[in-house]
Asker: 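Dumping the structure here so I can ask a few things about it.
Throughout, a chain's letter reflects where its sequence line sits, starting with A, and its residues are numbered from 1. Everything numeric here is computed off the predicted structure, so don't read it as measured data.
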Amino acid sequence: MPELPEVETVRRGLSSVVVANTLKQIVVRDRRLRWPIPTDFEDSLVGQTITSIDRRSKYLLFRLGSNRATLLAHLGMTGSFIAYNANDAPALKAHDHVDLVFANGVLLRYNDPRRFGSMHTFRGLDGDQPLLAALGPEPLTDAFHAAYLYEHTRRRTGSIKQAVMDNTLVVGVGNIYANESLFRAGIHPNRPANRISLVRYERLVAEIKAVLAEAIAAGGSTLRDYVNANGEPGAFQLNYFVYGRDGEFCKHCSGVLKLMRHGGRATVLCARCQR
DNA sequence: ATATGAGCCTGTATGC
DNA sequence: TGCATACAGGCTCATA
């Protein structure tokens, strides 16, 4: 399940193979993603050159050369982009929904069993895109800092776990990294967001940045589906303190890790280390 | 502004 | 062995 580190790893891998290359052919086998792939999708891409790939939250933004447009893609829960040589690409598998074929022989294949991902092109500013307009700051930039988080949680009585996963507050912190950063910061996931001091927010922000940066450095986490642009898994799952470890021992105090739920999402915590 | 829950979707794991 | 069920959970949308 790609979160920010996984999407960033994909972005880097894809950039090295498609930037400065021109799209020759688009094959859409199934338009039914999170939203249907628009019928003008293929025409808006053929002949376009990728100038760069950016990331905003967990969205990939393929910048197109001549018409100042952008291909906006989201991997959802189970989406993957894998780069092949068009000559020796493997046989089609289930859920290979889209192929992007480049003039230099690169084939980008999008596979997404659960079809929670999305893909469409747009022209104009990112901020005019409804999917991007309301997003909070990027966690790895200076715009995301303790005072910001403190100020924007003064009226939030809901749990800190749900707050850090709210994309209007900060983007890119999914369930896994929310669990990990709260453990690392020693904050109980149930704690109301407006009952956390600025000092503790400084710790939390530092841990969110650290865990995301470490995960990117490890090539992301692979639990089941995630692979990078070369089809390879990440390694950060080996460094989890709490996620998926309920019933096991806390790596700090050896207490037994507890399972609870926030908004239907699994939360794992150490009740002794997190207050 | 904040909070909650439904719904999207299929593969995998579990229980009977 | 089959079948039913729960779960995984990022995201948007509707509702309060």
Asker: Tell me which one of A:Val28, A:Leu108, A:Leu107 satisfies side chain to side chain contact (heavy atoms under 4.5 Å, CB included) with A:Asp99.
Answerer: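 Among the candidates, only A:Leu107 passes.
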Asker: I want to verify a distance call: between C:dG10, C:dT12, C:dC11, whose nearest atom is closest to the A:Glu3 side chain?
Answerer: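 That would be C:dG10.
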Asker: Output the rounded distance in Å from NE2 (A:His97) to C1' (B:dC8).
Answerer: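 For the pair A:His97 NE2 and B:dC8 C1', the rounded distance is 13 Å.
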Asker: I'd like a list of close polar pairs between nucleotides 4-7 of chain C and the protein, N/O only, cut-off under 3.5 Å.
Answerer:
none

Asker: Have a look at A:Leu75 and say if it touches a base, only the backbone sugar-phosphate, or nothing, with a 4.0 Å heavy-atom cut-off.
Answerer: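 Since no nucleic acid heavy atom lies under 4.0 Å of A:Leu75, the category is nothing.
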Asker: Determine whether a donor-acceptor pair (N or O, by modelled atom type, separation under 3.5 Å) exists between the side chain of A:Thr78 and the backbone of A:Arg114.
Answerer: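 Yes: the side chain of A:Thr78 pairs with the backbone of A:Arg114.
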Asker: Compute both the distance and the angle, then confirm whether A:Arg154 meets the cation-pi test with A:Tyr150: under 6.0 Å from the six-membered ring centre, within 45 degrees of the axis.
Answerer: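 Yes, A:Arg154 lies over the aromatic ring of A:Tyr150.
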Asker: What residue pairs, at least two apart or across chains, pass ring-ring contact (aromatic ring centres under 6.0 Å, His included) with a residue in residues 109-145 of chain A?
Answerer: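 Qualifying pairs, neighbours excluded: A:Phe81-A:Tyr110.
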Asker: Less than 4.0 Å between a side-chain N and a carboxylate O, is that true for A:Asp54 and A:Arg63?
Answerer: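 Salt bridge present between A:Arg63 and A:Asp54.
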Asker: Side-chain N or O of A:Tyr59 less than 4.0 angstrom from OP1 or OP2 on C:dT12?
Answerer: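 Yes, such a contact exists.
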Asker: Mapping A:Arg265 and A:Gln162 onto DNA chain B by nearest heavy atom, which one lands closer to the 5' end?
Answerer: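 Nearest nucleotide further toward 5': that of A:Gln162.
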Asker: Looking at A:Thr157, I'd like to know whether one of its side-chain N or O atoms comes within less than 4.0 Å of OP1 or OP2 on B:dT2.
Answerer: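 Indeed not, no polar side-chain atom of A:Thr157 lies that close.
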Asker: Taking only nitrogen or oxygen atoms into account, show me every contact under 3.5 Å that the protein makes with nucleotides 14-16 of chain C, one pair per line with its distance.
Answerer:
none

Asker: Report the distance from atom CD of A:Glu6 to atom P of C:dC11, rounded to the nearest whole Å.
Answerer: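 Atom-to-atom, A:Glu6 to C:dC11, this comes out as 12 Å.
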Asker: With a 4.0 Å cut-off on N to O distance, would you call A:Arg156 and A:Asp166 a salt bridge?
Answerer: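 Salt bridge between A:Arg156 and A:Asp166, a charged N being under 4.0 Å from a carboxylate O: yes.
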Asker: In whole angstrom, give the distance that lies between atom CG of A:Leu60 and atom P of C:dC11.
Answerer: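 Checked: the CG to P distance equals 12 Å.
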Asker: Ignoring hydrogens and geometry, is there a side-chain-to-backbone donor-acceptor pair from A:Arg272 to A:Cys250 under 3.5 Å?
Answerer: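 Absent.
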Asker: Between A:Tyr240 and A:Leu223, is the side chain to side chain contact (heavy atoms under 4.5 Å, CB included) condition met? List the steps.
Answerer: CA-CA 11 Å; A:Tyr240 288 170; A:Leu223 298 177; 3.9 Å; yes
Asker: Under 3.5 Å, which protein N or O atoms sit close to an N or O of nucleotides 9-12 of chain B? Give each pair with its distance.
Answerer:
residue : atom : partner  : partner atom : Å
B:dC9   : O4'  : A:Arg114 : O            : 3.4
B:dT10  : OP1  : A:Arg115 : NH1          : 2.9
B:dG11  : OP1  : A:His95  : NE2          : 2.6

Asker: Need one value for A:Ser118: base, sugar-phosphate or nothing, where a base atom within 4.0 Å counts as base even if backbone is also close, heavy atoms only.
Answerer: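 Nothing: the residue A:Ser118, judged by heavy atoms under 4.0 Å, touches no strand.
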Asker: Using atom NZ of A:Lys161 as one end and atom C1' of B:dT4 as the other, report the distance to the nearest whole Å.
Answerer: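 After rounding, the gap between these two atoms is 15 Å.
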Asker: Are any of A:Arg156's side-chain N or O atoms less than 4.0 Å away from OP1 or OP2 of B:dA3?
Answerer: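 So the side-chain polar atoms of A:Arg156 do come within 4.0 Å of the phosphate oxygens OP1 or OP2 of B:dA3, strictly under.
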Asker: Among A:Lys161, A:Glu3, A:Arg265, which residue meets the side-chain hydrogen bond (donor to acceptor under 3.5 Å, both in side chains) test with A:Asn175?
Answerer: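 It is A:Lys161; the other options fail the test.
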Asker: Using a strict 4.0 Å threshold on nitrogen-to-oxygen distance, state whether A:Arg55 and A:Glu138 make a salt bridge.
Answerer: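 Salt bridge present between A:Arg55 and A:Glu138.
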Asker: Could you state the atom-to-atom distance from CG of A:Leu132 to P of C:dT12 in whole Å?
Answerer: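 My rounded result for the distance is 9 Å.
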Asker: Please classify the nucleic acid contact of A:Asn167 as base, sugar-phosphate, or nothing, using heavy-atom distances under 4.0 Å.
Answerer: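 Sugar-phosphate: the residue A:Asn167, judged by heavy atoms under 4.0 Å, touches backbone atoms but no base.
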Asker: Side-chain heavy atoms under 4.5 Å apart, restricted to Ile/Leu/Val/Met/Phe/Trp/Tyr: what other residues fall into the cluster of A:Val256, or is it alone?
Answerer: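 For the cluster that includes A:Val256, the remaining residues are A:Phe249.
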Asker: Who else is in the cluster with A:Val199 when I, L, V, M, F, W and Y are joined by side-chain contacts under 4.5 Å?
Answerer: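 Grouped by the 4.5 Å side-chain rule, A:Val199 forms a cluster of one, so the answer is none.
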